[in-house]
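Computed over heavy atoms, backbone and side chain alike; hydrogens, waters and symmetry mates excluded.
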Amino acid sequence: MKRRLGAVFLLVLCLPLLTIPLCNDKVVDHYIDKIWLHRTNTIEKLHEFEGEYKNFECDVLFVPELSDFRTGHDTPSSESLGLYLDFLGKNPGRELWIDLKNLNEANSRQAESLLTAMLARSGASKEQLIVESRDWKALRHFTQEGYYTSCYLDIPHLDEMSDRERGERLDSIQQIARSGAVEALSFPASYYGFLRDLDFSVDLLTWEHRRWAWQLPFFSRSRAILKDNRVKVVLVKEKGHYHQ
């Protein structure tokens with residue numbers, strides 16, 4: 001009898017855990033335009049999750065000697081961005097965030113011209129893309145040509161900064177936001193508390209890349225980010241079978 005009661009008690013304790021996977025679909029469905037899948041660096045991964053997520057992010061490198069963009073975080077793979085653009089051309093309601101790793105002022109015009117040509121061949125549109133770079137000045141040309149652009153903010157040792165250093169950094173970020181060179185600022189979710197009270201004239205994009213979609217409601221920061229109308233995209237992780 002005691003064993004049965006113990007088993008029933010354990011089952012009651014475990015029931016909430018059994019329902020957690022169901023939260024994934026509910027959260028993604030509710031914020032379908034806001035929750036995107038992070039690091040979709042293979043077209044196989046995109047296809048694996050295209051039924052669960054509407055939009056995706058991938059790391060891309062400009063390879064001028066091949067007249068191409070190749071997926072990859074540090075080194076270019078053999079996979080062309082053209083495969084993703086073809087997917088967008090066939091699915092006009094979908095969008096892609098391109099983290100363009102090696103964009104700079106010297107290659108920005110050549111990169112933009114190539115990307116525009118690739119879009120034309122694929123049938124996809126500029127409105128389906130986010131073009132992100134750490135070099136906000138290099139993004140100005142993309143913005144002028146009608147692309148939605150975002151400056152990747154990198155703030156090392158944020159917790160160790162003095163009040164003066166934090167103030168100076170916020171001022172520099174405000175300058176980027178007001179420059180007209182970009183449409184958005186993108187940053188890890190850990191920066192959200194530092195940036196949330198600024199009156200930005202641009203959109204905000206972020207990533208909870210250590211969390212799955214179903215986990216977001218369980219964290220106060222993630223809930224605040226989801227409810228913040230200034231935040232247009234939240235990237236989440238899910239590796240699947242084709243993660244790179």
Side-chain angles (χ1 to χ4, degrees), residues 36 38-42 55-85 88 95-122 124-158 165 168-188 190-191 194-195 200-207 209 232-233 235 244:
W36 298 25
H38 183 250
R39 199 161 178 170
T40 315
N41 287 358
T42 66
N55 304 315
F56 303 87
E57 183 265 358
C58 66
D59 302 313
V60 174
L61 292 151
F62 176 44
V63 189
E65 60 270 23
L66 297 176
S67 296
D68 203 1
F69 295 90
R70 296 290 176 88
T71 59
H73 191 275
D74 300 306
T75 57
S77 71
S78 60
E79 193 158 272
S80 173
L81 178 64
L83 295 172
Y84 295 74
L85 301 182
L88 294 181
E95 297 178 49
L96 181 69
W97 171 339
I98 300 171
D99 182 355
L100 194 44
K101 294 295 185 181
N102 60 340
L103 185 70
N104 55 54
E105 289 186 84
N107 66 20
S108 62
R109 289 182 178 274
Q110 185 182 4
E112 180 276 318
S113 178
L114 176 59
L115 183 57
T116 299
M118 291 176 68
L119 282 171
R121 289 195 296 269
S122 69
S125 69
K126 295 177 181 179
E127 289 73 23
Q128 290 174 269
L129 295 181
I130 296 173
V131 179
E132 178 195 41
S133 171
R134 293 174 186 265
D135 190 335
W136 64 271
K137 293 181 180 178
L139 287 169
R140 185 183 295 276
H141 180 66
F142 278 83
T143 304
Q144 292 172 342
E145 292 300 316
Y147 285 92
Y148 183 94
T149 56
S150 183
C151 175
Y152 181 134
L153 299 179
D154 191 6
I155 313 175
H157 312 298
L158 175 59
E165 290 171 327
E168 290 174 351
R169 191 56 193 258
L170 288 172
D171 287 342
S172 68
I173 293 171
Q174 284 282 30
Q175 285 184 330
I176 296 171
R178 293 167 180 163
S179 69
V182 297
E183 300 285 340
L185 301 174
S186 44
F187 51 87
S190 57
Y191 296 177
F194 178 60
L195 300 170
F200 286 120
S201 57
V202 295
D203 296 334
L204 304 180
L205 315 175
T206 191
W207 49 92
H209 63 286
K232 303 304 180 183
V233 178
L235 300 179
Q244 286 188 8

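Shown here for Ser108 and Phe142, the closest heavy-atom pair between the two residues is O-CE1, 3.5 Å. When every heavy atom of Tyr148 is checked against every heavy atom of Asp203, the shortest pair comes out as OH-OD2, 2.7 Å. Minimum interatomic distance between Tyr191 and Leu153 (heavy atoms only, all atoms of both residues): CE1-O, 3.5 Å. When all heavy atoms of Ala177 and Leu185 are compared, the closest pair comes out as CB-CD1, 4.2 Å. The heavy-atom pair separating Leu129 from Leu85 by the smallest distance is CD2-CD2, 4.1 Å. In this structure, Val182 and Thr143 approach most closely via the heavy-atom pair CA-OG1, 3.9 Å.
With sequence neighbours excluded, no residue forms a ring-ring contact (aromatic ring centres under 6.0 Å, His included) with Phe194. Residues forming a side chain to side chain donor-acceptor pair (under 3.5 Å) with Gln110 (at least two apart in sequence, or on another chain): none.
Counting only residues at least two apart or in different chains, salt bridge (charged side-chain N to carboxylate O under 4.0 Å, His left out) contacts with residues 174-184 are absent. Legend: salt bridge (charged side-chain N to carboxylate O under 4.0 Å, His left out) pairs involving residues 128-145, not counting sequence neighbours, sorted by first then second residue: Arg134-Asp154.
The closest side-chain heavy-atom distance from Tyr84 to Glu79 is below 4.5 Å. Put simply, the side chain of Ile155 does not reach to within 4.5 Å of the side chain of His157, judged on heavy atoms. Two residues are said to be in side-chain contact when any heavy atoms from C-beta on lie closer than 4.5 Å; Leu96 and Cys58 meet this criterion. Using a 4.5 Å cut-off on side-chain heavy atoms (C-beta onward), Leu81 and Ile98 make contact.
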Hey, can you pull the donor-acceptor pairs under 3.5 Å for the side chains in residues 112-121, sequence neighbours left out?
{"from": "Glu112", "atom 1": "OE1", "to": "His141", "atom 2": "NE2", "distance (Å)": "2.9"}
{"from": "Glu112", "atom 1": "OE2", "to": "Thr116", "atom 2": "OG1", "distance (Å)": "2.7"}
{"from": "Thr116", "atom 1": "OG1", "to": "Glu112", "atom 2": "O", "distance (Å)": "2.9"}
{"from": "Thr116", "atom 1": "OG1", "to": "Tyr147", "atom 2": "OH", "distance (Å)": "2.8"}

With a cut-off of 3.5 Å and sequence neighbours excluded, list every side-chain donor-acceptor pair involving residues 60-71.
{"from": "Asp68", "atom 1": "OD1", "to": "Ser80", "atom 2": "OG", "distance (Å)": "2.9"}
{"from": "Asp68", "atom 1": "OD2", "to": "Arg70", "atom 2": "NE", "distance (Å)": "2.8"}
{"from": "Asp68", "atom 1": "OD2", "to": "Ser80", "atom 2": "OG", "distance (Å)": "3.1"}
{"from": "Arg70", "atom 1": "NH1", "to": "Ser77", "atom 2": "O", "distance (Å)": "3.4"}
{"from": "Thr71", "atom 1": "OG1", "to": "Asn41", "atom 2": "O", "distance (Å)": "3.3"}
{"from": "Thr71", "atom 1": "OG1", "to": "Ser77", "atom 2": "OG", "distance (Å)": "2.8"}

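Leu158 contributes atom CG, which lies 7.5 Å from atom OG of Ser190 (distance to the nearest 0.5 angstrom). Note that OG of Ser125 and CD of Gln128 are 4.0 Å apart. Values are rounded to the nearest 0.5 Å. Distance check, rounded to the nearest 0.5 Å: CZ of Arg39 to OG1 of Thr42 gives 11.0 Å. Separation of atoms NE2 (His73) and CG (Asp99) is listed at 6.5 Å; rounding is to 0.5 Å. To the nearest 0.5 Å, atom CG of residue Leu103 and atom NZ of residue Lys101 are 12.5 Å apart. A distance of 10.0 Å separates CG in Leu139 from CD in Glu105, rounded to the nearest 0.5 Å.
Note on ring orientation: taking the six-membered ring where Trp is involved, the planes of Trp207 and Tyr152 are tilted (angle from 30° to 60°).
With hydrogens and angles ignored, the 3.5 Å screen pairs a side-chain donor or acceptor of Asn55 with a backbone N or O of Glu95. A donor-acceptor pair under 3.5 Å is formed between the side chain of Thr206 and the backbone N or O of Phe187. Put simply, the side chain of Thr40 never gets that close to the backbone of Phe56: no donor and acceptor are under 3.5 Å apart.
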- prompt: Checking side chain to side chain contact (heavy atoms under 4.5 Å, CB included) for the pair Ser150/Trp97: CA distance, chi angles, key distance, verdict?
  reply: CA-CA 10 Å; Ser150 183; Trp97 171 339; 5.5 Å; no
